[in-house]
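Structure record follows, encoded as structure tokens.
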Amino acid sequence: MDYLPFVTALLALVLYLNTLEAGFAYDDSRAILKNPDLLPETPLWNLVYDDFWGTPLTHSGSHKSYRPLCVLTFRLNYLLGELTPWGYHLGNVIIHALTTFVFTAVARVFLKTDTGTLTAGLLFAAHPIHTEAVAGIVGRADALACLLFLLTMVSYMRYVDLRASPNGDGISRWPWAALALLLSAAAMLTKEQALTILAVCWTYDVFIAQRASLQDLFTLKIFTKRQFRGSLEGTLLIGACSSALLGFRIYFMGNKPPEFAPSDNPASDSDSFLTRALTYNYLPSLNFWMLLCPTVLSFDWSMDSIPLVEAWTDPRNLSTLAFYVTLAYILFCVAQHINEDNSAVKNCDTSLNGFRSSPCRTLNNNSVKSSLHYSEGEESPYIKCISIRPVDSTILALSILIFPFIPASNLFFYVGFVIAERILYIPSMGACLLVGLGFDALYAKFFHSARRKFLVAGLALLVLSFSAKTVLRNRDWQTEERLYSAGVAVNPAKAWGNLANVFNDKQQYGQAEEAYRNALKYRSNMADVHYNLGILLQNQNRLSEAIDSYKKAIQFRPRLTVAHLNLGIMTAQMGDTELAKKIYSHCADLDTSGLKDPRLHDGTKISCMFNHGRILMDEDKLKEALAMFMKALQRRPDHYGPQSIYNMIGEVYYKMGQLEEAEKWYREALKSKPDHLPAFLTMSKLMQMKTKWEESESWLKKAKQFHPTDLTVDFHLAQLYASMQRFSDSIQILEKLLPVMSNDFDIVYNAANVYREADLKDKAEELYMAAVKLKPNEAAAWMNLGAMFHINTKYKQAEQAYLKALELKPNDKVTTENLQRLHNLVGKVR
């Protein structure tokens, strides 16, 4: 048994063990944490119609990344451990180890010797370019697709071998052909790029198995000559399968390509054909350089991380020229070898039932020379196939290197990235095969020479350096903070923006604000950063600055619904309810087609209608409020839970005095979501209105069972006890609540009311003073504070409080009457 695949797979496993400590990062949020297709309650059939992120493929905002088999593995992870990151990372590591095993076994077939096979296998196992695909959970699509890519190739190689078998068992080729086509479909359904395996299989069939020359291809002899009947069969199979899979893919995309933001691929947004051409021709050379020298890696290469190549004088054009000249030279040399070897093979070609038999071993000088270090007896115990020449290994390596990269090259359509390291996972196999082939040739040439020791030492140093880089890069992927910090040098705008979110989650608000502003220094038009900065400022009660940030977010992305929603909330808090209603109305009618994350935008539009309805209800425009809630209910997408809308409809009916109708809607809310807290609270309030005190208390106790740590339930229970004149019970609860909820206006204000009713005047006064500090623009708080000063014979402070209340709410009848009573009382005292 060949031990080399086990050695390389073990290295792959060991190098990525530290990723098991990592959490979710970057794209994992949308693909894992927010993807409804992972949830058991989501029908499994949804995976067929949704993209990688859980959005229907036909939706205009879909990313069009169709990878249902990969999502199915995520769903299995969720079934086993829900959202525990460890299991997801373990899955990725196992897949990478299996891929390394199969790749090394395939390398044995084409490289023959231990030295070449071990070189290719070790480099693939340790290559740092793979860290994004293995350490990043969403990279599973690339690693799993690569595994299926290899298995497809192995199956097709077996099919070709049996097709040319001289033993009469060619009929047994069909199960292998079917398996190859089935695996190619599975590979495509894991990652679109893997469909290119069919091009690799065709190359293997025509140029390696059938020994066709370029002349045979260009003169169409492979379709007419009897000796190529086998490759014609393979070509028809591959052609039919490719057409079917490609047609299926286009159909499920909705016959439309995905739409990307200009920042994802800036060259695609350039009006200059020269800029687009020079940039897109430069990028392959940069990708290839990353395969050779992966010193600089980043989680994201969008925006301005790679400046556009805008002129012929740009020195980067030299690297483009060097890359294509070298590639053309290699292809020319390979073509020459193909023609020379195939002209030599004609004299020893035999046929069997129209299929080419296994070619002669020693054909020309190149083959004789290679036989010095290619042992004829060495064959992989895992894979059987026809005899392989050194030029065949080069052909296969180049096809694996080139074909899978073409979909990412912008050659046929624009893609949503500049560079994505994980798309190099499959092409890297070709690079590793080429290095293994070259190392083996040098190793044989330096036979019994001290140079061989230097060569082996150089390989060992390369593998060790790759391994060290991989381990260190895995550490970057362990936390989002490390990952984004490491990306600041490459993509500062994106990295600082993401770092700010991390600092914000850690409640490191000073660092978060600094990071947001750093991001905007590099790229001032990032709407998401302006929006997130607005949230940070809003939470710090810096209201005018927050509003300014939301407005800038809308300026740079007019259809950013969440910015409209928060702007409306802030405007309402500032007291301008008319403007807030206009903002909500505008947001609810926004056209969000073509936007990413449509679930978020569609849900936000309903939230705008919900908040609009609440303002109308507060203004006692109950019929208008009811119409707004009903409209929200009608336009509600399936993923938006209806319980809050049901509950607010019940609230409107409650205010209308239609208590039975209100109760019906409250119960609908609980039917939709049995633990919906607001519905428990409103049911309790309804029973209190009906003076059914025990039932009211029962609803609150049920709420407490569902939400044992929610202090809001305790507060409502305190209010209920106060209404029942059980002031000691009420105050006992409030004394526990106030120390931990002293910044909550509603808690403080209503607690003041309880203490006032309990005739604890000094405490009530203290709490009303705290309430007006929390909400200086709340007229009712100032009026009640004035009343307490009035009762406590603090007439001057009472007058000031009443006047402040009237300033906020002119002509308020109760405040005006209280102020008049105060003046009458002061006049009598004088």
Side-chain angles (χ1 to χ4, degrees), residues 643-644 647-648 650-651 654-655 657 659-660 662-663 665-667 669-670 673-775 778 780-794 801 814 818:
Q643 61 274 2
S644 296
N647 197 62
M648 291 308 297
E651 284 282 81
Y654 178 88
K655 280 198 166 189
L659 302 187
E660 297 305 318
E663 182 176 348
W665 287 98
Y666 293 153
R667 293 188 182 277
L670 288 171
K673 193 172 187 294
D675 64 342
H676 187 55
L677 179 60
F680 281 110
L681 302 180
T682 49
M683 280 295 290
S684 173
K685 183 177 66 174
L686 181 65
M687 295 302 144
Q688 186 177 337
M689 171 66 75
K690 294 180 176 181
T691 65
K692 296 180 179 180
W693 305 110
E694 290 183 1
E695 286 190 50
S696 179
E697 184 178 3
S698 174
W699 280 106
L700 291 177
K701 288 183 176 179
K702 287 179 184 177
K704 195 64 179 175
Q705 290 175 359
F706 282 107
H707 305 276
T709 60
D710 196 308
L711 299 179
T712 307
V713 181
D714 299 279
F715 171 68
H716 280 81
L717 194 58
Q719 285 190 300
L720 173 63
Y721 289 152
S723 300
M724 297 168 68
Q725 305 295 307
R726 292 167 56 181
F727 293 113
S728 60
D729 293 332
S730 178
I731 290 172
Q732 186 178 358
I733 295 174
L734 291 173
E735 286 178 348
K736 294 178 181 178
L737 291 180
L738 288 170
V740 294
M741 303 187 73
S742 58
N743 292 323
D744 188 312
F745 170 81
D746 291 329
I747 299 291
V748 174
Y749 176 74
N750 286 287
N753 293 337
V754 173
Y755 279 98
R756 184 194 66 203
E757 291 175 16
D759 205 30
L760 297 173
K761 302 171 185 175
D762 291 338
K763 185 64 177 179
E765 179 185 317
E766 176 189 332
L767 290 173
Y768 282 129
M769 289 181 67
V772 297
K773 288 179 181 178
L774 290 172
K775 273 194 177 182
E778 184 62 48
W782 283 104
M783 190 275 289
N784 279 292
L785 177 60
M788 286 313 305
F789 283 142
H790 193 157
I791 292 169
N792 291 338
T793 68
K794 298 178 180 179
V814 176
N818 283 353

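Since the structure is predicted, the reported quantities are computational estimates derived from the model, not experimental observations. Every heavy atom of this structure was used, including side-chain atoms; hydrogens, water molecules and symmetry mates were not.
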ring-ring contact (aromatic ring centres under 6.0 Å, His included) involving W782 - partner list, sequence neighbours excluded: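 Counting only residues at least two positions away or on another chain, W782 forms no ring-ring contact (aromatic ring centres under 6.0 Å, His included).
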Stacked cation flag K685 on Y654, 6.0 angstrom / 45 deg: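 That pair qualifies as a cation-pi contact.
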Any non-hydrogen side-chain atom of [X] less than 4.5 Å from a side-chain atom of [Y]?
X: I747; Y: T712; value: no
X: F706; Y: L677; value: no
X: W693; Y: L720; value: yes
X: E695; Y: M683; value: no

Donor on one side chain, acceptor on other, S723 and Q688, under 3.5 Å: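 A pair is found: one side chain offers a donor N or O, the other an acceptor, under 3.5 Å apart.
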Donor on one side chain, acceptor on other, E765 and Y755, under 3.5 Å: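 No, no side-chain donor-acceptor contact under 3.5 Å.
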Chi angles and distances behind the salt bridge (charged side-chain N to carboxylate O under 4.0 Å, His left out) call for K704, D710: CA-CA 7 Å; K704 195 64 179 175; D710 196 308; over 6 Å; no
Check against side chain to side chain contact (heavy atoms under 4.5 Å, CB included), L700 and L681: CA-CA 7 Å; L700 291 177; L681 302 180; 3.7 Å; yes
With rounding to the nearest 0.5 Å, note down the distance linking [atom1] in [X] to [atom2] in [Y].
X: K701; Y: S696; atom1: NZ; atom2: OG; answer: 11.0 Å
X: K763; Y: L734; atom1: NZ; atom2: CG; answer: 9.5 Å
X: D675; Y: Q705; atom1: CG; atom2: CD; answer: 12.5 Å
X: T682; Y: M689; atom1: OG1; atom2: CE; answer: 12.5 Å
X: L738; Y: I733; atom1: CG; atom2: CD1; answer: 11.5 Å
X: L711; Y: L717; atom1: CG; atom2: CG; answer: 12.0 Å

Give the minimum heavy-atom separation between [X] and [Y], together with the two atoms involved.
X: H676; Y: S644; answer: CE1-OG, 3.6 Å
X: A764; Y: M788; answer: CB-CE, 3.9 Å
X: M741; Y: V748; answer: O-CG2, 4.1 Å
X: S742; Y: L774; answer: O-CD1, 3.5 Å
X: N647; Y: A679; answer: OD1-CA, 3.1 Å
X: A662; Y: G650; answer: CB-O, 3.2 Å

Trace of the side chain to side chain contact (heavy atoms under 4.5 Å, CB included) decision for R756 with K761: CA-CA 6 Å; R756 184 194 66 203; K761 302 171 185 175; over 6 Å; no
Output field: ring centroids F727/Y721 closer than 6.0 Å: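 No, ring centres 6.0 Å or more apart.
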Under the salt bridge (Lys or Arg N to Asp or Glu O under 4.0 Å) test, residues paired with E778 that sit two or more places apart: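 If we apply the salt bridge (Lys or Arg N to Asp or Glu O under 4.0 Å) test to E778, skipping adjacent residues, there are no hits.
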NZ/K690: more than 12 non-hydrogen atoms of other groups inside 6.0 Å: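 Yes, NZ of K690 has more than 12 neighbouring heavy atoms, counting only those of other groups under 6.0 Å.
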Note: E651-K655 ion pair, threshold 4.0 Å (strictly below):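 Looking at K655 together with E651, the answer is no, because their closest N to O distance does not fall below 4.0 Å.
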Mutual orientation of the aromatic rings belonging to Y749 and Y768 [parallel < 30°, tilted 30-60°, perpendicular > 60°]: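 Ring orientation, 0 to 90° scale: perpendicular.
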Test log, rule side chain to side chain contact (heavy atoms under 4.5 Å, CB included), inputs N750 and D746: CA-CA 6 Å; N750 286 287; D746 291 329; 4.2 Å; yes
Side chain to side chain contact (heavy atoms under 4.5 Å, CB included) evaluation trace for D744 with F715: CA-CA 11 Å; D744 188 312; F715 171 68; over 6 Å; no
